[in-house]
Amino acid sequence: MQTITPAELKKRLDQGEKLDIVDVREPEEVALGMIPGAVHIPLMEIPERLSEIPQNGETILVCRSGNRSSRAYEYLTAQGLKNLKNMTGGMLEWDKL
């Protein structure tokens with residue numbers, strides 16, 4: 001599993017990189033704040049919203065702690081998607097930056 005730390009992601013965003021970020025948390029979690037530019041697709045909705053996830057280029061998966069996003073990573077990899085990264089530590093670590 002390829003990973004990215006919150007600090008690495010923040011640095012790339014601060015440098016102006018346009019990144020595909022998918023937040024797989026539940027709506028009540030997302031209401032407390034998201035990474036700018038992230039798309040919200042709750043984990044359980046991924047199978048029916050697969051077409052909304054970029055098929056080309058790097059896609060970064062985010063959740064609260066890194067657990068649900070790792071499950072999304074495994075599912076999407078099984079569906080044939082490549083260039084995925086799981087943000088380690090999730091939003092718990094992001095919020096400390």
Answer yes if [X] and [Y] sit in the same cluster of Ile, Leu, Val, Met, Phe, Trp and Tyr residues linked by side chain heavy atoms under 4.5 Å apart, and no otherwise.
| X | Y | answer |
| --- | --- | --- |
| Leu50 | Val62 | no |
| Met34 | Met91 | no |
| Leu61 | Tyr75 | yes |
| Val22 | Met1 | yes |

Which heavy atom of [X] sits nearest to which heavy atom of [Y], and what is that distance?
| X | Y | answer |
| --- | --- | --- |
| Arg12 | Lys85 | NH1-NZ, 4.1 Å |
| Met87 | Thr5 | CG-C, 4.2 Å |
| Pro6 | Trp94 | O-CZ3, 3.7 Å |
| Ala72 | Leu43 | CB-CD1, 3.7 Å |

Donor-acceptor pair, distance only, cut-off 3.5 Å: does the side chain of [X] make one with the backbone of [Y]?
| X | Y | result |
| --- | --- | --- |
| His40 | Arg25 | yes |
| Gln55 | Ile53 | yes |
| Glu29 | Glu26 | yes |
| Asn86 | Gly66 | yes |

[Y]/[X] salt bridge by N-O under 4.0 Å criterion:
| X | Y | value |
| --- | --- | --- |
| Lys18 | Glu58 | no |
| Glu93 | Lys96 | yes |
| Glu74 | Arg71 | no |

Using 0.5 Å steps for rounding, measure from the [atom1] atom of [X] to the [atom2] atom of [Y].
| X | Y | atom1 | atom2 | value |
| --- | --- | --- | --- | --- |
| Thr59 | Tyr73 | OG1 | OH | 11.0 Å |
| Leu97 | Ile35 | CG | CD1 | 9.0 Å |
| Leu81 | Thr77 | CG | OG1 | 7.5 Å |
| Ile4 | Lys11 | CD1 | NZ | 11.0 Å |
| Ser70 | Leu84 | OG | CG | 12.0 Å |

Exercise. Tell me, with the steps shown, if Ile60 and Leu9 meet side chain to side chain contact (heavy atoms under 4.5 Å, CB included).
Key: CA-CA 9 Å; Ile60 298 165; Leu9 177 56; 3.5 Å; yes

Exercise. Check the pair Leu13, Ile21 against side chain to side chain contact (heavy atoms under 4.5 Å, CB included), reporting the backbone distance first and the verdict last.
Key: CA-CA 11 Å; Leu13 290 170; Ile21 304 167; 4.1 Å; yes

Practice problem: Check whether more than 12 heavy atoms from other residues, nucleotides or ligands sit under 6.0 Å from atom CG of Asp14, and answer yes or no. | Solution: yes

Exercise. Evaluate the side-chain proximity of Asp23 to Val39: yes if any heavy-atom separation is below 4.5 Å, no if none is.
Key: no

Practice problem: Carefully, step by step, assess Ile41 and Glu52 under the rule side chain to side chain contact (heavy atoms under 4.5 Å, CB included). | Solution: CA-CA 9 Å; Ile41 304 177; Glu52 297 176 46; 3.9 Å; yes

